[in-house]
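Heads up, the thing below is written out as structure tokens.
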Amino acid sequence: MRRLLLASFAAICLSPAAQAQGRQDFEMLNRSGYQINEIYVGPSSSPNWGRDLLGQNVLANGRSFNVTFSGNSSECLWDIKIVYEDRDQSEMRQVNLCRVSRVTMFWDRQRNNTRFVAE
């Protein structure tokens, strides 16, 4: 009986929905060469970005910022928007945060835009 309860508990805890909860946490690394003043992360299923995660802080070039979730969402696809010091903006859509632990931003001078690398 005890093994059956443990097996049932493990099955519940390891279900895809339970595994996804809180697994969206990731590190943002700024390698753009510029200061980032605002970071927004919103579910791809919603048109709303929510609040600026940096608040009164900024993300200097070469620095990282840990984005953490409260664990009450099982969504995996999220959109990321950054706003630079000069108010220029870049977006990355439908990032599977259940499979990503770091997002690095680079300034692509040839294309004149931000390149995101998800790892």
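Aromatic ring orientation, Tyr84 versus Trp107: perpendicular (interplanar angle above 60°, classes split at 30° and 60°).
Taking the side chain as every heavy atom from C-beta outward, Leu97 and Phe69 approach each other to under 4.5 Å.
Distance alone, capped at 3.5 Å, places no donor-acceptor pair between the Asn37 side chain and the Val58 backbone. Looking only at distances, no side-chain donor or acceptor of Asp79 sits under 3.5 Å from a matching main-chain atom of Arg93. One N or O on the side chain of Asn30 and one on the backbone of Ser32 form a donor-acceptor pair closer than 3.5 Å.
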(message) Determine whether Asp52 and Tyr40 satisfy the following criterion, side-chain contact (heavy atoms from CB on, under 4.5 Å), listing intermediate values before the conclusion.
(response) CA-CA 5 Å; Asp52 169 23; Tyr40 299 91; 3.7 Å; yes
(request) Begin with the C-alpha distance, continue with both residues' side-chain angles, and end with the deciding distance and a verdict on side-chain contact (heavy atoms from CB on, under 4.5 Å) for Val95 and Leu77. (result) CA-CA 5 Å; Val95 182; Leu77 296 180; over 6 Å; no
(message) Glu38 vs Arg87, test: salt bridge (charged side-chain N to carboxylate O under 4.0 Å, His left out). Steps then yes/no.
(response) CA-CA 9 Å; Glu38 300 171 33; Arg87 307 303 299 159; 2.7 Å; yes
(request) Kindly indicate, with the supporting measurements, whether the criterion side-chain contact (heavy atoms from CB on, under 4.5 Å) is fulfilled by Met105 and Ser90. (result) CA-CA 10 Å; Met105 296 152 294; Ser90 292; over 6 Å; no
(request) Check the pair Phe26 / Val41 against side-chain contact (heavy atoms from CB on, under 4.5 Å), numbers first and verdict last. (result) CA-CA 11 Å; Phe26 68 100; Val41 179; 4.1 Å; yes
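To the nearest 0.5 Å, atom CG of residue Asp25 and atom OG of residue Ser101 are 10.5 Å apart. Annotation: the span from Arg63 atom CZ to Gln35 atom CD amounts to 12.0 Å, rounded to 0.5 Å. Between the CD1 atom of Ile82 and the CG atom of Leu54 there is a distance of 10.0 Å, given to the nearest 0.5 Å. To the nearest 0.5 angstrom, Thr114 atom OG1 is 11.0 Å from Glu91 atom CD. Interatomic distance, Arg102 CZ to Glu119 CD, rounded to the nearest 0.5 Å: 5.0 Å.
Minimum interatomic distance between Ser45 and Glu75 (heavy atoms only, all atoms of both residues): OG-OE1, 3.0 Å. Minimum heavy-atom separation, Met28 to Val67: CG-CG2, 4.0 Å. Contact between Arg31 and Gly62 at its shortest, heavy atoms only, is NH1-CA, 3.5 Å. Of all the heavy atoms in Val100 and Val103, the pair that sits closest is CG1-CG2, 3.9 Å. Smallest separation of non-hydrogen atoms from Gln94 and Ser44: CA-OG, 3.5 Å.
Leu29 and Tyr34 fall into different hydrophobic clusters, where Ile, Leu, Val, Met, Phe, Trp and Tyr side chains are chained together by heavy-atom contacts under 4.5 Å. Cluster annotation: Val83 is not connected to Ile36 through the hydrophobic network of ILVMFWY side chains, with a link wherever side-chain heavy atoms come within less than 4.5 Å. Placement of Trp78 and Trp49 in two distinct hydrophobic clusters is found when ILVMFWY residues are connected by side-chain heavy-atom separations under 4.5 Å, directly or transitively.
Judged by a 6.0 Å distance limit and a 45° cone about the ring axis, Arg115 is positioned over the six-membered ring of Phe106.
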